[in-house]
Amino acid sequence: MTTCSGAAHVCAELAGHLRIQGVGRTWGQRGAGINTAGPGIISTPMGQGELNGATGAAMRIVSEISPVARLSTPEDIPAAAEFLLSACRRGHHRHRSPH
């Protein structure tokens, strides 16, 4: 990953987060829950390539200070989505207002 594409990736992640924050209050007032999943660095061939590239040291630091302190696996993503969706179906979700 080059510096420019790395910056673009970070900007895209932030834009997605801010977009969800922006619509959260509106949808929350309608009784809907809004969730996002940010898996971080995923252990795939592409992720491994990035870890071995120019930004690898910074990516390892991010991974180490994340709540799970590990790389995500491709299986983590659908598992998280299934968990969030099942919690919503059971009514076990809470609305967190955007800052």
Side-chain angles (χ1 to χ4, degrees):
M1 177 185 295
T2 65
T3 303
C4 290
S5 64
H9 179 82
V10 169
C11 288
E13 291 277 341
L14 179 59
H17 178 75
L18 293 174
R19 176 72 178 135
I20 295 303
Q21 263 189 347
V23 300
R25 184 173 303 235
T26 300
W27 283 102
Q29 291 169 346
R30 297 177 184 174
I34 304 291
N35 290 299
T36 62
I41 303 164
I42 304 170
S43 183
T44 61
M46 181 177 161
Q48 292 297 327
E50 292 173 352
L51 283 171
N52 295 326
T55 59
M59 291 174 69
R60 280 188 286 284
I61 290 170
V62 169
S63 179
E64 289 167 5
I65 63 172
S66 76
V68 294
R70 66 172 177 82
L71 298 178
S72 295
T73 67
E75 296 79 21
D76 288 338
I77 298 164
E82 180 180 18
F83 171 79
L84 290 170
L85 291 170
S86 66
C88 287
R89 279 196 302 269
R90 292 189 310 270
H92 298 296
H93 66 283
R94 62 176 192 232
H95 174 67
R96 192 173 101 187
S97 297
H99 301 288

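The first residue of the sequence shown is numbered 1, and numbering continues consecutively from there. Computed over heavy atoms, backbone and side chain alike; hydrogens, waters and symmetry mates excluded.
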Margin query: Rounded to the nearest 0.5 Å, what separates atom CD1 in I65 from atom CD1 in I61?
Written below: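 If I round to the nearest 0.5 Å, the distance is 8.0 Å.
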
Notebook entry, point to check: So how far is it from I41 CD1 to L51 CG, rounded to the nearest 0.5 Å?
Noted result: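 Going from CD1 on I41 over to CG on L51, the span is 5.5 Å.
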
Could you tell me which non-hydrogen atom of [X] sits nearest to which non-hydrogen atom of [Y], and how far apart they are?
| X | Y | value |
| --- | --- | --- |
| S43 | Q48 | OG-NE2, 3.2 Å |
| P78 | P74 | CD-O, 3.1 Å |
| T55 | E50 | OG1-O, 4.1 Å |

Checklist line | In one Ile/Leu/Val/Met/Phe/Trp/Tyr side-chain cluster, 4.5 Å: F83, I77 | finding: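 No, separate clusters.
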
Margin query: Counting only heavy atoms from other residues, nucleotides and ligands, does the tally under 6.0 Å from CZ of R19 exceed 12?
Written below: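 Counting other residues, nucleotides and ligands, CZ of R19 stays at 12 neighbours or fewer.
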
